[in-house]
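The next block holds one structure in the form of C-alpha cells; read it before the comments.
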Amino acid sequence: MNSSSIEYVDVLIIGAGISGIGAAYYLQTMQPGKTFAILEARDEIGGTWDLFRYPGIRSDSDLHTFSYEFKAWENEKAIASAEAIMAYLRETVAENGIRQSIRFHHKVISAAWSTSAARWLVEIERVDTGEHIAMSCGWFFCASGYYRYDEGFTPEFPGRERFKGQIVHPQHWPQDLDYRGKRVVIIGSGATAVTLVPAMADTAGHVTMLQRSPTYIVPVPSEDRIANTLPKLIGRDRAYAVTRRKNVAKQRLVWRFCQQYPRAARRLIRHLNAKQLPAGYPVDEHFKPAYNPWDQRLCAVPDADMFKAIRNGRASVVTDQIDTFTERGIRLRSGRELEADIIVTATGLNLLAFGGISLSVDGVPVDVPQKVAFKGFLLSDVPNFAYMFGYTNSSWTLKVGLICEHFCRLLAHMDSHGHTTCYPRLPGSTPTRPLLGVTAGYVKRSVDQFPRQGVEGPWRTSMDYRADHKTLREGPVEDDNMCFGTSPADALEPALTA
Ligand SMILES: Cc1cc2nc3c(=O)[nH]c(=O)nc-3n(C[C@H](O)[C@H](O)[C@H](O)COP(=O)(O)OP(=O)(O)OC[C@H]3O[C@@H](n4cnc5c(N)ncnc54)[C@H](O)[C@@H]3O)c2cc1C
C-alpha cells in the first residue's frame, strides 16, 4: 500500500471497553489538538460488560469507584448489573461525542514501530468483511483488556462427551437456555459462579455450586446509603466525589487489613459467612480457603444473595474434585454423583496480553515477557507505546483515570520540548518479577505471556491508588529512565534493536 494513502492519527486507542472510552475522554479533554481513533474488534462498546450475558451478570466493585471520576454514577445500586453499566457507558460516549471516533469491526493484528518514520504501522482486519487495512499512528494505546474474547477457559473434564445434558460456558451463554425446573451444577467458585448461583436459583429446580476449593465470599450491601442520601444535601457532583473518596479509603483499608492481619481477616470473614448460613452448616468445609484474604480477589455477594439461596434450600455448595462426567451428571472423587440437566463451566478466562497483537520495533518482534512495565503503563524499550491495566485489588477503572492523565501530561511535555518519541530504558541490573501478583489459577496459567515488573520505583506496578495518585497525577513525567527523542533518528538508542 502507498504509505501516503494510509490514514494517520496521533493516538490510536485499541478497544472500546471502559478503559478505551476513558482514554478517548481524557485525550479529547486534555489534548484537544491531538487526532485519535478507537479501533474495536466487536460491533458494540463496553467490552466485558457487553460480552458476558449470563444471568445476573453484575459488577463486584462498587460503581462509585468503578465508574469514571468525570461522570457521576447516579444509579441507586452501587453493585450494578451489566445493563446499568452499559447504559452508563453509552451515556458517556453520547455526551462526549466519542462514538464517531470508534471504528467497529476493526481487529488489530499487528503493529510495527518504525524509528525512521517515528510512527507505528498498524495492520487491521475488518471482522465484518475479512478485508485487511492499515493505519498509522504516533502513539499506540492498548486498552484491549486482559483476556481472550473468543474462548473462555475450560479444563479437560474426563468423560465430558458422555454427559447427555447441556454444557454451557458463561462466556458463551445461549440466550435461549431454558433452565426452569432443571438441576444445574455450576463448576467453579469465582465471581461468575457466585453471581450465577442466586441468579439461577429462583427459576432452576436446584443449583449446586461445585468447587474444588473454597473462595472468600463476602456479603456487601447492594446500595450505598451515604451515596444515595448525599446528593440531596450537597448536590450530585460533590456527593459523588465524597462517596468515591470514602470508597477508595474503604477499599484500601480492607486490603491493608487483610495484608497486615490475615488471621483476623480470616476470622472476620468466617464470622460474616457463618451469620448468613443455617445453624450447623459446615462453614469451614465450603467457605474456608487455603490462602489468605486478598491473595486472590475476594468475591462480593450483594445483600448476601448467594447465602439466601443456600438458606432457603434452592442452592447448595459441594467441595470435592471431579472424577468424571457421566451420562447423568458428575461423579466426584468421593464417589458421590451429582445429577444434572445442565452443567455450567464457570472455570474462568484465558488471559491474553495486549489483545494478542504482534508488536515489533524496527523489524524486531517485541518479546513481551522480556519487557518490563514502567509506571504501570509503558513498556521498557518500546517507543510510543502505552497500555491500560487497572487494579485487580480494587476497581479497575480507578487506575484508568490516573494513567490517562499522566499520558496526556506526557504528550504535553513532549510537545513543549519538540520530542516525537519516548520510551523507558531499563537499567541493566534491574531485578524483575511477574506483573500479575495474584495467585489465582487462571493468572498462574498465563502469567508468562505478560510483561514483567521491577521491584521498586517506577518499574514496580503499583496496586495502590494513593501511591499511584502521587506518581501519576502529581508526579513529573520526566524521569531518569525515560529517553526522549526530538527527531526520528535521534531517539534511537541501541536498546531499541535489542
Ligand atoms: C465477568 C467480569 C466481571 C468483572 N467485574 C469487575 C468488577 O466488578 N470490578 C472490576 O474492577 N473489574 C471487574 N472485571 C474486570 C474487568 O474486565 C475490568 O474491570 C474492565 O471492564 C476492563 O475494561 P477494559 O476496557 O480494560 O477491557 P475490556 O472490557 O476487556 O475491553 C477490551 C476491549 O478491547 C477490544 N479488543 C481486544 N483486543 C482487540 C484487538 N486486537 N483489536 C481491536 N479490539 C480489541 C475488545 O473487543 C473489548 O471491547 C470483571 C471482569 C469480568 C470478566
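When a ligand or atom number is given, it counts from 1 through the structure's own listing order. Residue indices begin at 1 and follow the sequence shown.
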Do any nitrogen or oxygen atoms of A16 come within less than 3.5 Å of a nitrogen or oxygen of ligand 1? no
Salt bridge or not between K250 and D62? Use side-chain N to carboxylate O under 4.0 Å. no
Atom 42 (N) of ligand 1: the protein heavy-atom neighbour that sits closest, reported with distance to 0.1 Å: V108 N, 2.9 Å
What do you reckon, does S61 have a nitrogen or oxygen under 3.5 Å from a nitrogen or oxygen of ligand 1? yes
Of all the non-hydrogen atoms in the protein, which one sits nearest to atom 27 (O) of ligand 1, and at what distance? G145 CA, 3.3 Å
Y149, any N or O under 3.5 Å of ligand 1 N or O: yes
Given the side-chain rings of Y216 and W294, with only the six-membered ring counted for Trp, is the space between their centroids under 6.0 Å? no
Hey, does W49 come in under 3.5 Å of ligand 1, counting only N/O atoms on both sides? yes
At under 4.0 Å between heavy atoms, which part of W396 makes contact with ligand 1: side chain, backbone, both or neither? both
Could you tell me how the ring of W396 sits relative to the ring of F389: parallel (under 30°), tilted (30 to 60°) or perpendicular (over 60°)? tilted
Considering only the protein, which heavy-atom contact is closest to atom 26 (O) of ligand 1, and what is its distance? S19 OG, 2.5 Å
Residues D150, R148: salt bridge by 4.0 Å N-O rule: yes
Tell me the contacting part of D50 for ligand 1: side chain, backbone, both, or neither, using a 4.0 Å heavy-atom threshold, strictly below. neither
Evaluate ring-ring contact (aromatic ring centres under 6.0 Å, His included) for Y68 paired with W73, printing each intermediate quantity in order. CA-CA 8 Å; Y68 302 115; W73 176 256; over 10 Å; no
For G47, atoms of ligand 1 separated by under 4.0 Å from a heavy atom: 29 (O), 31 (O), 48 (C), 49 (O)
What residue and heavy atom of the protein are closest to atom 44 (N) of ligand 1, and at what distance? A41 N, 3.2 Å
Does any N or O atom in E40 lie less than 3.5 angstrom from one in ligand 1, N or O only? yes
Got a sec: does the CD1 of I226 have more than 12 other heavy atoms crowding it under 6.0 Å? no
Regarding ligand 1, does I57 bring an N or O atom to under 3.5 Å of one of the ligand's N or O atoms? no
In terms of relative ring orientation, are F385 and F354 parallel, tilted or perpendicular, with 30° and 60° separating the classes? perpendicular
List the closest protein heavy-atom neighbour of atom 34 (O) of ligand 1: residue, atom name, distance to the nearest 0.1 Å. G15 CA, 3.2 Å
Side chain, backbone, both or neither: F389 near ligand 1, heavy atoms under 4.0 Å: neither
For E44, is there an ion pair with R90 - N to carboxylate O distance below 4.0 angstrom? yes
Can a non-hydrogen atom of S395 be found less than 4.0 Å from any atom of ligand 1? yes
Which bit of M388 is near ligand 1, meaning a heavy atom under 4.0 Å away: side chain, backbone, both or neither? neither
Ligand 1 versus R297, non-hydrogen atoms closer than 4.0 Å: side chain, backbone, both, neither? side chain
Using a 3.5 Å distance criterion without hydrogens, assess whether the side chain of N384 forms a donor-acceptor pair with backbone atoms of C422. yes
Is K107 paired with E40 through a side-chain N to carboxylate O contact shorter than 4.0 Å? no
F257 and Y261 aromatic ring geometry - parallel, tilted or perpendicular at 30°/60° bounds: tilted
Find all atoms of ligand 1 within a distance of less than 4.0 Å from any non-hydrogen atom belonging to K107, and give their numbers and elements. 42 (N), 43 (C)
Heavy atom of S394, distance to ligand 1 below 4.0 Å: yes
Number the atoms of ligand 1 from 1 as they appear, then name those within less than 4.0 Å of a heavy atom of F52, with their elements. 53 (C)
Taking the cut-offs as 6.0 angstrom to the six-membered ring centre and 45 degrees off its axis, would you call R42 and F104 a cation-pi pair? no
Ligand-side contact atoms (ligand 1) for residue partner I357, heavy atom cut-off under 4.0 Å: 41 (N)
Passes ring-ring contact (aromatic ring centres under 6.0 Å, His included), F36 versus F141? Steps please. CA-CA 10 Å; F36 75 91; F141 199 146; over 10 Å; no
List the steps, then state whether ring-ring contact (aromatic ring centres under 6.0 Å, His included) holds for F66 with Y88. CA-CA 11 Å; F66 190 70; Y88 172 86; 9.0 Å; no
How far is atom 23 (O) of ligand 1 from its nearest protein heavy atom, and which residue and atom is that? I18 CG2, 3.4 Å
Yes or no: does E44 have any heavy atom under 4.0 Å from an atom of ligand 1? no
Do R473 and E69 sit within salt-bridge range, that is, some charged N less than 4.0 Å from a carboxylate O? yes
If you apply the rule ring-ring contact (aromatic ring centres under 6.0 Å, His included), what do you find for W113 with Y423, and how did you get there? CA-CA 12 Å; W113 170 259; Y423 65 93; 9.4 Å; no
For atom 8 (O) of ligand 1, which protein heavy atom lies nearest, and how many Å away is it? D60 N, 2.6 Å
Tell me whether E7 is salt-bridged to R103, with the criterion being a basic N under 4.0 Å from an acidic carboxylate O. yes
For atom 2 (C) of ligand 1, which protein heavy atom lies nearest, and how many Å away is it? T48 CG2, 3.8 Å
Using a 4.0 Å cut-off to any heavy atom of G355, which atoms of ligand 1 qualify? 38 (N), 41 (N)
Within ligand 1, which atoms have a heavy atom of F66 less than 4.0 Å away? 9 (N), 10 (C), 11 (O), 12 (N), 19 (O), 21 (O)
With a heavy-atom distance limit of 4.0 Å, tell me whether A191 approaches ligand 1 through its side chain, its backbone, both, or neither. neither
Once the angle between the rings of Y54 and F52 is folded into 0 to 90°, is it parallel (under 30°), tilted (30 to 60°) or perpendicular (over 60°)? perpendicular
Can you check whether L349 has an N/O within less than 3.5 Å of an N/O in ligand 1? no
The option among Y391, F354, Y387, Y146 carrying the non-hydrogen atom nearest to atom 50 (C) of ligand 1 is Y146
The atoms of ligand 1 lying under 4.0 Å from a heavy atom of S59, numbered in the order shown, are 8 (O)
Would F104 count as a contact residue for ligand 1, given that I'm defining contact as a non-hydrogen atom of the residue lying under 4.0 Å from a ligand atom? no
Before signing off on this row, confirm whether T397 and ligand 1 have an N or O atom pair separated by under 3.5 Å. no
Would you say Y54 and ligand 1 have an N/O pair spaced under 3.5 Å apart? no
Can you classify the ring geometry of F307 versus F287 as parallel (below 30°), tilted (30 to 60°) or perpendicular (above 60°)? tilted
